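Quantities reported herein were computed from a predicted structural model and do not represent experimental measurements. Hydrogens, waters and symmetry mates play no part in the numbers below; they use all other heavy atoms, side chains included.
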Amino acid sequence: MAHHTSTQAAAQEQAPAEDYQEQPQYAPPPADPADEIEHLAQLHASGALTDDEFAAAKAKALGT
């Protein structure tokens with residue numbers, strides 16, 4: 001039973017880290033086009049946006 005208690009304690013210690021990971025990594029895109037493009041660039045650099053998605057979103061932010 002001692003092993004079971006250790007496993008529960010380890011799971012409880014990991015819970016806050018799992019809760020933190022569920023938080024969004026980025027804030028919502030800002031209204032200013034330059035800030036929005038910077039936000040999109042961060043998403044693109046992190047791999048969240050493909051090259052095509054980034055280009056399309058950037059064009060939309062610029063109103064073209």
Side-chain angles (χ1 to χ4, degrees):
M1 276 206 122
H3 178 70
H4 184 70
T5 304
S6 298
T7 304
Q8 283 181 335
Q12 289 174 354
E13 289 175 13
Q14 291 174 356
E18 291 173 5
D19 290 343
Y20 177 76
Q21 291 174 353
E22 291 176 10
Q23 298 296 324
Q25 286 185 324
Y26 301 102
D32 181 48
D35 290 339
E36 186 171 352
I37 292 169
E38 183 177 348
H39 172 77
L40 292 169
Q42 290 175 346
L43 291 172
H44 181 243
S46 74
L49 293 177
T50 65
D51 292 343
D52 290 340
E53 290 170 332
F54 174 68
K58 185 172 69 169
K60 183 177 176 183
L62 294 172
T64 57

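- Between Ala61 and Pro33, the shortest heavy-atom distance links the atoms O-CB, 3.7 Å.
- The ring-ring contact (aromatic ring centres under 6.0 Å, His included) pairs that include a residue from residues 43-64 are His44-Phe54, where partners are two or more places apart or lie in different chains.
- For residues 52-61, the side chain to side chain donor-acceptor pair (under 3.5 Å) pairs, not counting sequence neighbours, are Thr50-Glu53.
- Note that the CG atom of Leu49 and the NE2 atom of His39 stand 8.0 Å from one another [nearest 0.5 Å].
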